[in-house]
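Start at 1 with the first residue, then count along the sequence. Being a predicted model, the structure only gives us computed values, none of them experimental.
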Amino acid sequence: MHFFSDNATPVCPQVMAAIAAADRADRGYDGDAWSARLDSAFSDLFAAPVRALWVATGTAANSIALACLCPPYGGILCHEESHIAVDECGAPGFYTHGATLMPLPGKGAKLAPATLIDRLKAIRPDVHQIPARAISITQATEYGLVYTPHEVAAIGQVARDHGLGLHMDGARFANAMAHLGCHPGDVSWRAGVDILTFGCVKNGGMVGEALLFFGPDADARAAEAARWRKRGGHLLSKGRYLAAQILALIEDGLWLDNGRAANAAATMLAQLAPERLLHPVQTNELFLHLSAPEAAALRAQGFDFYDWGEDAARLVTNWAQDAASIQPLADALKALQ
């Protein structure tokens with residue numbers, strides 16, 4: 001009955017069991033056995049050398065990533081509806097000590113290479129203007145759309161051509177991968193991504209996200225990020241509980257299973273009300289046309305969701321929802337027609 005956000009979903013049993021298994025004495029901060037396994041576990045998953053850090057929240061992970069890519073006087077190209085621009089209370093500017101977000105338009109909250117290039121051409125190479133130093137994209141986007149490997153690679157090429165770092169906010173990376181069905185490396189390091197925020201909380205975790213560093217600068221950036229993490233108050237003394245959750249999700253493919261389950265629930269709803277869709281459903285987010293009386297009627301039956309502008313609503317499914325749990329909403333939507 002709850003379709004507000006996948007942030008509020010239950011913790012999946014395997015993650016809860018991993019937390020319990022980590023409930024014993026070990027070294028503090030990130031010196032424990034679980035944290036020590038993150039690099040190798042993510043290196044296996046992405047088929048490339050990866051440096052990995054746990055961070056308590058997605059906002060901190062995104063902001064620390066950007067602090068590693070952009071100096072205080074620099075600019076970060078992002079979509080105008082991206083989470084870092086709209087929903088993080090200025091945290092990127094706080095962590096970077098003043099870097100400027102450069103919001104850009106794009107259909108479905110996607111950035112296009114041509115839009116990036118046009119913006120970069122407009123920046124004069126003198127001390128009077130803010131130089132772009134990084135690009136940040138969201139996978140999946142704020143409208144649940146997925147960047148293909150080709151699309152990420154095209155943006156990665158723009159970043160390389162202009163000497164910019166490329167960050168990917170992967171809060172729903174699992175849902176994007178469940179839709180794409182490709183190797184995770186194809187939309188990350190192979191496509192030019194330097195730092196990936198690998199989402200866990202929306203996908204069955206309790207607390208904590210993974211910050212992943214790729215490429216020849218991975219070691220240096222991870223070391224810098226570790227200091228930003230400490231300076232920002234995110235170096236938890238019992239970090240093993242975060243690391244244990246992350247390992248439980250990725251080591252046996254649970255992250256992808258959960259992403260598939262959440263996507264399947266959204267697809268089921270989309271198939272029952274295709275005429276209401278405002279955007280294609282590629283992951284676990286649905287944007288539906290609902291009039292105010294229709295939205296009120298659904299809420300009166302106990303369904304929770306966010307309004308998303310006039311006569312529009314956003315509904316988010318999650319890993320714990322199956323066909324039986326979705327059916328009441330499906331029936332209610334059909335009854336509106």
Can you see which heavy atom on [X] is nearest to which on [Y], and at what distance?
X	Y	value
H2	Q321	O-NE2, 3.5 Å
H167	S136	ND1-OG, 2.9 Å
A297	L336	CB-CD2, 4.4 Å
I250	A41	CD1-CB, 3.8 Å
L111	L77	CD1-O, 4.4 Å
A91	T59	CB-CG2, 3.5 Å

In sequence, state the C-alpha distance, the side-chain angles, and the governing distance for L53 and F213, and then conclude on side-chain contact (heavy atoms from CB on, under 4.5 Å).
-> CA-CA 9 Å; L53 296 177; F213 301 84; 4.2 Å; yes
Between [atom1] of [X] and [atom2] of [Y], what distance do you get to the nearest 0.5 Å?
X	Y	atom1	atom2	value
Q157	I155	CD	CD1	12.0 Å
S5	E285	OG	CD	8.0 Å
E142	H279	CD	NE2	11.0 Å
F3	D304	CZ	CG	9.0 Å
H179	T148	NE2	OG1	9.0 Å
S188	L196	OG	CG	6.5 Å

Main-chain N/O of [Y] paired with [X] side-chain donor or acceptor, under 3.5 Å:
X	Y	result
E81	A109	no
E209	C200	yes
K110	H79	no
H162	L164	no
W319	V11	no
S43	D39	yes
Y147	A176	no
S35	R240	no
R229	W54	yes
S291	E294	yes

Is it true that [Y] and [X] share a donor-acceptor pair across their side chains at a distance under 3.5 Å?
X	Y	result
D169	N62	yes
D322	S325	yes
E88	H83	yes
D6	T9	no

Would D307 and R299 satisfy salt bridge (Lys or Arg N to Asp or Glu O under 4.0 Å), going step by step from the backbone distance to the final call?
-> CA-CA 11 Å; D307 293 322; R299 290 189 171 106; 3.1 Å; yes
Should [X] and [Y] count as side-chain neighbours, where that means a heavy-atom distance under 4.5 Å?
X	Y	result
H289	L278	yes
W255	L45	yes
V158	L166	no
L315	L329	yes
I137	Q139	no

Verify the neighbour count for atom CZ of R160: are there more than 12 heavy atoms of other residues, nucleotides or ligands below 6.0 Å?
-> yes
Heavy-atom count around D87 CG within 6.0 Å, excluding the residue itself: above 12?
-> yes
Between H183 and W189, is the gap from one ring center to the other below 6.0 Å?
-> no
Evaluate the ring planes of F287 and Y143, with Trp represented by its six-membered ring, and classify them as parallel (under 30°), tilted (30 to 60°) or perpendicular (over 60°).
-> tilted
Just say parallel, tilted or perpendicular for the rings of F198 and F173, cut-offs at 30° and 60°.
-> tilted
Could you please spell out the steps behind the side-chain contact (heavy atoms from CB on, under 4.5 Å) verdict for W34 and D26?
-> CA-CA 10 Å; W34 292 267; D26 204 304; 3.5 Å; yes
Test side-chain contact (heavy atoms from CB on, under 4.5 Å), reference I195, set L211, L212, D217, output is L211
Test N175 against every option in T283, T317, N263 by the side chain to side chain donor-acceptor pair (under 3.5 Å) rule and name the one that passes.
-> N263
